[in-house]
Amino acid sequence: MIDPFAIEDGTEVPPPSGPAPEDLLAGLNPEQTEAVRTTEGAVLVLSGAGTGKTRVLTTRLAYLLAGGFVQPWQCLAVTFTNRAAREMRERVTEIVGADAASVALGTFHSLGARMLRRDGERIGLPRDFTILDADDQLRLIKQVAVGMGLDPKRWPPQALSSVIQRWKDRGVGPDQVGADPGAEYAGGRAVAVYRAYQDELARLSACDFGDLLLKCLELFRAAPDVLARYQRRFRYILVDEYQDTNVAQGLWLKALSMGHRNLCCVGDDDQSIYSWRGAEVGNILRFTHDFPGARVIRLETNYRSTGHILAAASALIAHNADRMGKTLRPASGDWGEKVKVRGVWTGEDEARVVVEEAEALQRRGTPLSEIAVLVRAGYQTRAFEERLMSQGVPYRVVGGPRFYERQEIRDAVAYLRLIRQPADDLAFERIVNLPRRGIGDATVEQVRERARATGTPMTRAAEEMIARNDLSARARGALSRFLADVGDWRAFAATADARGLLSEVLEGSGYLDMWRQDKSPDAPGRVENLKELLAALDEFADLGEFLEYVSLVMENQGGDETDRLSVMTLHAAKGLEFDRVFLPGWEDGIFPNQRALDETGAKGLEEERRLAHVGLTRARKGVTVTFAAARRIYGQWQNNMPSRFIDDLPEDHIERISESGMGGSLPLARSAAPAFAAAPPSVGAAGKEGAYARGQRVFHDKFGYGEVRAVDGNKLEIAFDKAGLKKVMAGFVAPA
DNA sequence: CATCTACAGGTTTTT
DNA sequence: CCTGTAGATG
C-alpha cells in the first residue's frame, strides 16, 4: 500500500489524470455546483427527490480526484446498498478512469467488515471471523434464549432479535443498555439474552450485521491509534442516503471524520422511511448541531416529474411537521397530467382497472418497464399478479429474497463454512442432516449438549461421542460417515480450487441430487441457483474472500431484458423512477398502515406520509392513485375509508375519476365512505368457471403442462407433468 | 426420524 | 384465505 503521507509532504503531487476539475461542472445548476465545489468542512446536501443527487455525489468524488490533490485511497465513500456502491464506482470510473478503483467505496457494512478484518484483533476478533446473516442470527438468539429458559411462545425470538438489533443500531453494547428502550423486554431478561448472544458470537468467532459497525466503534474506543490512522487516511468522506443512517453509523462517521473534518452527507429527510429498521432521522435534523459550522445546501430543482405531480407531492409532504423544509421546483414548465385519483368498489376491481390502464398506456407506446405498481405491503402484490397473469401482461415482482438468502445458497455456503471453519456450529447444525442422512434432532441435541458441556465445537463433540460410543448404532454410523466426508472435503480443499471444491461437495453430499429429485416447482430453479453459485466461484481464488462476498455483496443476477411491468413495495421503489406509477390501496388502515399508526402514533403517520411522498415522486409523467371501498383481506370482507393522504392532495392538481357504469355513487370523498356495509357484488374476475373439465390438458405459465383432476368452481386441481398436484385458479391456465 | 394435521398469525426489511 | 410452524403420530 502507498504511504498516505506521500501527498501530505507535498513533494510529489501526481499530475491530475483525466479532465480538469472545473470542466466537470458543466451542466450542473448553481446549487449542484456549490455542492460539488464545497469540498472542505462539513456539508449537508439536502437533496429532494429527482434533484440529481447521484450526479452530485459522483461529480463531487470525480472533482476531488481530478484535481490530483488527494489520492483515491484517501477518499471514503459510503452507501447503503451494494447497488448504489457499484453504480457510484462505475460512474466515477467513467469520468476519471482507473483512479476510481482505489477509492475506499462501499456499504457501511462492507467497509466495517474490512476494518475489522484488518484491525479487529485489537479487540479480540479473529481475522477470519464469520459474518452471520439475519437467519443465522435468529437461530442463534433463539438457541440462547431457550437455553436460558425463556418460553419462545411468550417471548418470540423474533422480537428478542429485533430488540437486540435496535441496541446495536444505537451503538449500545450489552454493558451499556442501562435504561435504554427495550431494557424491560422479556421481564428485563432481554439484556441477559443480549449478553449471552454476544458471548456465543465470540465463541463462534462471528459477527452479525450490526456487529460490523458496533465492533468498529468498540475498536475505535479500545485502540485510539487505529482510529487515528483511519482519521489521517480519510481526508474526504462522502455519504449517501444520510437520512437512513442509524446512531451507530452516525457515530462511526463522526469518529472517522474527526481528522480532516471534511464530511459531506447527502440525504433527504422527506424520504426517511426506515426508522423501524433503526434509521435515525435525527442524524440529518441535528447535522448542523453535531458539526458546528456545517454548510447546508438544498437541491430543490426537480428534473424528473411534471408540474402537477410535484405540486401534489409537495403539498402532501408539507403536512409533516418534523422536517427541515424544502420545496421541489419543476425544472421544466411542463405541468403534464394531473394526478388521477380513482375510487373503485373492490380490490379485484382495483387490480382490473390498474391493469387495464397499464395496457392502454402500453398500447400508446409506454414500455412496460416504465410502468410500476407500488404497494404498501407485500401481500398486496398478489391481486395484481393474478390479474397481470390472467391478462398475459409480463411483469416482475421486485424484492424477493436476495440471492444469498436463498435456502439452497445458504446451505451450500454452510458446507463451505464448515469445511473452512470446523468450529462453525451454526453451519454444522444447518447441514448435518441435509440432505437427510439419519441424523435427527435428537442426535443433534445430544451433540449440542455435549459441546456446551465441554466447551468445544460441535464437530469436536461429535467426534468424541463417536469415539466414546455414546450414541445409538444408527446415529453413530450416520454421524461418523458425515464427519468422514467433511474430513475428505477439508483435505480436498487444500489442493482444489474453490469451484472444484464446492462442486465435489454438492455432488458427493447428495445435496444437489436432493433438489434434482425434488418434485416441487421451485426445485429446478434451486438447481439453477446452485449452478450460478458455482459459476460465481470462478471469480475467486480464495474461499474466504468468496464467503465474504456471498454474505455481504452478492445479488440476484439481473439479466432480464424482457419488457416487464414492475410490482413492488414503496420501500423497494425508493431511488427508482418510472414514466407511469400506480399507487393502489390508498385506504386508511392499509396506507397509512394501521399498525404504524397504533405503534408509533404521529411519528408513524409522518413516516407513512413520507412513504406516500416517495411513491408520488417516483413518477415522471403520470400517477394514478386508487382506493377500494371494500376488499377481502385474509378472507374477510373489510370496508375502508379512502386514505387521509388523499385529503393532503390539492384539488387543483388532481383529477377524480368515477367508475363508469357504477352509478357514479363511488366514494370519491372520505365523507362518503364506507360505501356499503354488506359484501360487495362479486365480479368473477378470475375466470370462466366450467370452461374446464376433468381429464383436460392445460398449460400454466409457471407450472407448465398438466391434466385437470378436479374442478371446483373456478378452482382447478391439476396434476402437472413437472410440478405435481396443484390447486390453481382457472384464470391462470389455458387449454393445451 | 419423517410425515401428517391443527392452528396461529399475517407491514415495511438497504446489510 | 393461505402459509408456515408446532406437536402428535406412524
Side-chain angles (χ1 to χ4, degrees), chain A residues 78-85 106-113 131-138 142 152-153 156-158 161-162 165 168-169 207-213 240-241 243-246 248-249 271-279 347 374-383 398-402 404-405 433 435-445 472 474-475 478 548 550-555 568-576 585 589-600 604 607-608 610-611 614-615 631-638 715 727 729:
Chain A
V78 198
T79 65
F80 268 87
T81 66
N82 296 302
R83 186 168 60 106
T107 63
F108 279 101
H109 297 270
S110 67
L111 291 164
I131 297 171
L132 301 190
D133 68 14
D135 191 62
D136 290 323
Q137 182 185 341
L138 186 61
K142 184 176 175 183
K153 285 250 174 67
Q158 189 63 256
S161 168
S162 69
Q165 283 185 74
K168 292 192 174 184
D169 290 340
C207 283
D208 63 20
F209 284 132
D211 282 339
L212 295 178
L213 286 142
D240 191 13
E241 306 279 19
Q243 78 282 352
D244 289 338
T245 53
N246 60 35
Q249 289 158 340
Q271 292 187 65
S272 163
I273 55 175
Y274 280 105
S275 72
W276 50 273
R277 278 280 269 103
L374 309 181
V375 297
R376 174 62 181 83
Y379 69 84
Q380 293 175 268
T381 62
R382 206 160 124 177
V398 178
R402 315 253 153 277
Y404 65 83
E405 280 169 358
N433 196 32
R436 303 253 136 89
R437 44 175 79 90
I439 304 167
D441 292 345
T443 308
V444 174
E445 180 52 43
S472 72
R474 257 173 94 113
E548 183 112 328
V550 169
S551 52
L552 281 178
V553 182
M554 190 154 173
E555 293 176 65
M568 68 185 98
T569 64
L570 288 159
H571 283 91
K574 194 178 67 151
L576 305 179
I590 293 178
F591 189 41
N593 177 279
Q594 194 57 49
R595 261 174 78 168
L597 262 33
D598 292 345
E599 284 168 20
T600 40
E607 180 145 321
E608 294 287 298
R610 290 194 289 270
L611 210 40
V614 166
R631 62 176 75 235
R632 205 160 37 174
I633 294 177
Y634 308 133
Q636 232 40 43
W637 279 100
Q638 189 187 299
K715 273 191 218 138
K727 283 200 172 132
M729 301 289 282

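Just so it is clear, the model here is predicted, and its values are computed rather than measured. Order of the sequence lines fixes the chain letters, A, B, ..., with proteins taken first and strands second; residue numbering starts at 1 for each chain.
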Out of [options], which has the shortest distance to the side chain of [X]?
X	options	result
A:L552	B:dT14, B:dG10, B:dT15	B:dT15
A:F209	B:dT13, C:dC1, B:dT15	B:dT15
A:T107	B:dA2, B:dT14, B:dT15	B:dT15
A:R436	B:dT12, B:dA2, B:dT15	B:dA2
A:A377	B:dT12, C:dC1, B:dT14	B:dT12
A:F80	B:dT14, B:dT15, B:dT13	B:dT14

What residues form a side-chain contact (heavy atoms from CB on, under 4.5 Å) with [X], not counting sequence neighbours?
X	value
A:A573	A:L374, A:M568, A:R618
A:P156	A:A159, A:Y185
A:R277	A:R166, A:Y274
A:A85	A:T79, A:L105

Would you mind classifying the nucleic acid contact of A:E608 as base, sugar-phosphate or nothing, using non-hydrogen atoms under 4.0 angstrom?
->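 Base contact.
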For A:I439, answer base if it contacts any base atom (sugar-phosphate contacts may also be present), sugar-phosphate if it contacts only those atoms, and nothing otherwise; contact means non-hydrogen atoms under 4.0 Å.
->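 Touches sugar-phosphate only.
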Figure out the [atom1]/[atom2] separation between [X] and [N], and round it to whole Å.
X	N	atom1	atom2	answer
A:Q636	B:dG9	CD	C1'	14 Å
A:D169	B:dT13	CG	C1'	12 Å
A:E241	B:dT15	CD	P	12 Å

Is there a side-chain contact between A:I273 and A:L611, using heavy atoms and a 4.5 Å cut-off?
->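 The answer is yes, as the side chains (C-beta and beyond) meet within the 4.5 Å cut-off.
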Quantified in whole Å, what is the P atom distance between nucleotide C:dT3 and nucleotide B:dT14?
->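 It works out to 22 Å between them.
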Between the protein and nucleotides 6-10 of chain C, list every N/O to N/O distance that falls short of 3.5 Å.
from	atom 1	to	atom 2	distance (Å)
C:dG7	OP1	A:K153	NZ	3.3

B:dG10 base stacked by A:Y379 (centroids within less than 5.5 Å, tilt under 30°) |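 Check failed, A:Y379 does not stack on base of B:dG10.
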Counterpart residues, salt bridge (Lys or Arg N to Asp or Glu O under 4.0 Å), relative to A:R632 (two or more places apart) =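 Checked A:R632 against salt bridge (Lys or Arg N to Asp or Glu O under 4.0 Å); zero matches.
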